[in-house]
Protein chains: 2
Amino acid sequence: MSAEPHHHRPSAPSWSTHADEALSRRGSRASAARNAVLAALDSQACCASAQEIHARITTDGTAIGIASVYRTLELLHGLALITRVDTGDGVARYEPAHPNGEHHHHLVCNACGAVEAFHDGELEAAIHAVADRVDFRVDAHDIALRGACRRCR
Amino acid sequence: MSAEPHHHRPSAPSWSTHADEALSRRGSRASAARNAVLAALDSQACCASAQEIHARITTDGTAIGIASVYRTLELLHGLALITRVDTGDGVARYEPAHPNGEHHHHLVCNACGAVEAFHDGELEAAIHAVADRVDFRVDAHDIALRGACRRCR
DNA sequence: CTCTATCCGATAATGAGTATCATTACCAAC
DNA sequence: GTTGGTAATGATACTCATTATCGGATAGAG
C-alpha cells in the first residue's frame with residue numbers, strides 16, 4: 001500500500017484520492033474510464049446523472065463507453081463511495097459521499113427540476129432519533145423537499 | 001365547503017369519495033377504469049406501482065388498459081390526491097394523499113426491497129423548521145430511511 | 001336522442017439502465 | 001522485459017417502465 005502523498009495543496013483532500021484508495025484496496029484496477037468518472041464526480045458541484053457525467057467526459061476529449069460510466073457508478077455506490085439522489089424524474093443522480101459522513105439533502109423544484117443542497121443539524125438529529133426507535137437497521141437516509149425555487153415561485 | 005361526515009364508522013371516511021368529488025369538480029368524467037383505480041388505491045395498505053395496481057384490478061375481474069392506470073395516476077398526482085413514492089428501484093409507487101395532511105414516510109430495505117411506513121412528529125417539526133429557513137417554497141417532502149428490515153438484518 | 005368533448009384500450013415509441021461478449025490492458029510474478 | 005490470468009472496456013442488443021398516438025367508444029348536457 002503506497003503512502004498517502006502529503007502535498008502542499010490544502011484545497012484538495014480530494015474525494016477521488018480517497019475513492020481511488022478504496023478501490024485499490026478492493027482489488028480493482030485503474031483505467032482511463034474509471035479515472036475519468038472519478039475526476040468528473042470530484043469536480044461536480046452537486047449531483048449528476050450517468051449521462052451527464054458521460055457527456056462531460058466526452059466533451060473534455062476522453063472517449064469512454066457509457067456502459068463504463070454505469071458500471072463505475074454501480075461499483076462506487078456498492079462501496080458507499082457515492083450517494084444516489086433520486087429527484088423523482090426517473091433519472092438516478094450521483095454525488096461523492098465524503099468519508100467523514102458529511103452530507104446534505106436536496107431541494108427539488110417541481111417546475112424547472114433544479115436541485116439545490118441544504119444541511120440542517122436538527123433535522124439530522126431527528127432522523128437519528130427515529131432510526132433508533134424503529135425495528136429496522138437504518139444505514140442511510142434520503143430527504144427531498146419539493147416545491148418551487150426562487151425563480152419559479 | 002361541505003361539512004365533514006361525522007359517521008359512526010371510524011374505518012371508512014373513504015379517500016376515494018374525496019377523490020371522486022375532487023375529480024367531478026374538475027369536470028372529469030366517471031368511468032369503469034377510473035373507478036377501478038380509485039378503488040384499488042383506496043384498499044391498498046401502503047404504496048403500489050402502476051403495474052401492481054393494474055394487476056390487482058385485472059385479477060379482480062375488471063379488464064382495463066394499463067394506459068388508463070398511468071393516465072389516472074398522473075391526473076390524481078397532478079391534483080395532489082395521491083403521493084408518489086420513489087424507492088430507488090426505478091419504479092414509481094403511489095398511495096392516497098389524505099386531505100387532512102396526514103402522511104407517513106418509508107423504511108426501504110436495501111436487500112429485499114420491502115417498504116414499511118412510519119410516522120414521527122418531531123421529524124415533521126424539524127422538516128417544517130427547515131422549510132421556513134430556506135429560500136425556497138416547500139410544498140412537500142419525501143423521506144426514506146434505507147437499510148435492512150428485520151428479516152434481512 | 002343526438003352530439004361532442006372526453007376517455008378508452010391497443011400498441012408503437014421512448015429512454016434509462018442492464019446484460020452480453022469478444023477484445024483490451026493492468027499488474028504481479030517470473 | 002515478457003507473460004499470463006483476469007478484470008475492465010466498449011459496442012450493442014435487450015429489458016422494461018413509462019409516454020405518445022389514434023381510431024373507436026361513451027358519458028352526459030341539451
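- A salt bridge links D120(A) to R133(B): at least one charged side-chain nitrogen sits closer than 4.0 Å to a carboxylate oxygen.
- The shortest distance between side-chain heavy atoms of T17(B) and D42(B) does not fall below 4.5 Å.
- One interatomic measurement links the two molecules: CG of L75(B) to C1' of dT19(D), which rounds to 16 Å at whole-angstrom precision.
- Atom-to-atom, CG of L23(A) to P of dA7(D) comes out at 15 Å; the value is rounded to the nearest Å.
- The side chain of V91(B) lies closest to dT18(D) when the candidates are dT9(D), dA11(D), dT18(D).
- With salt bridges taken as basic N to acidic carboxylate O contacts below 4.0 Å, none links R34(A) and D20(A).
- Applying the 6.0 Å contact sphere to CZ of R26(A) captures no more than 12 heavy atoms from other residues, nucleotides or ligands.
- For dA8(D), the OP1/OP2 oxygens have a side-chain nitrogen or oxygen of R34(A) closer than 4.0 Å.
- In this structure, the NE2 atom of H54(B) is 17 Å from the P atom of dC16(D), given to the nearest Å.
- For the pair I64(B) CD1 and dT26(D) P, the interatomic distance rounds to 15 Å; values are reported in whole Å.
- Relative orientation of the F118(B) and H105(B) rings is tilted, given thresholds of 30° and 60° on the angle between their planes.
- Contacts of A67(B) with the nucleic acid, taken as non-hydrogen atoms under 4.0 Å apart, include base atoms.
- Checking Y70(A) against G65(B), the closest nucleotide of DNA chain C that is more toward the 5' end is the one next to G65(B).
- Position along DNA chain D of the nearest nucleotide to G90(B) versus G27(A) favours G27(A) as the more 5'-ward residue.
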Under 3.5 Å, which N/O atoms of the protein pair with N/O atoms of nucleotides 28-30 of chain D?
none

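- Distance, I66(B) CD1 to dA20(D) P: 15 Å, rounded to whole Å.
- Judged by closest nucleotide on DNA chain D, R93(B) is the one of S31(B) and R93(B) placed further toward the 5' end.
- Under the 4.0 Å criterion applied to side-chain N and carboxylate O atoms, R150(A) and D135(B) are assigned as salt-bridge partners.
- Listed by first and then second residue, the side chain to side chain donor-acceptor pair (under 3.5 Å) pairs that reach into residues 53-66 of chain B are S43(B)-R56(B), sequence neighbours excluded.
- Note on Q51(A): only backbone sugar-phosphate atoms sit closer than 4.0 angstrom, heavy atoms only; bases stay farther off.
- Between H141(A) and H103(A), the angle of the ring planes goes over 60°, which puts this pair in the perpendicular group of the 30/60° scheme.
- Under 4.0 Å is where a charged nitrogen must lie from a carboxylate oxygen, and between D139(B) and R137(B) at least one such pair does.
- Nucleotides of DNA chain C lying under 4.0 Å from heavy atoms of chain B occupy a range whose first and last members, 5' to 3', are dA5(C) to dA10(C).
- Atom CD of E74(A) is separated from atom C1' of dA7(D) by 15 Å (rounded to the nearest Å).
- If you check every strand for non-hydrogen atoms under 4.0 Å, A63(A) touches sugar and phosphate atoms only.
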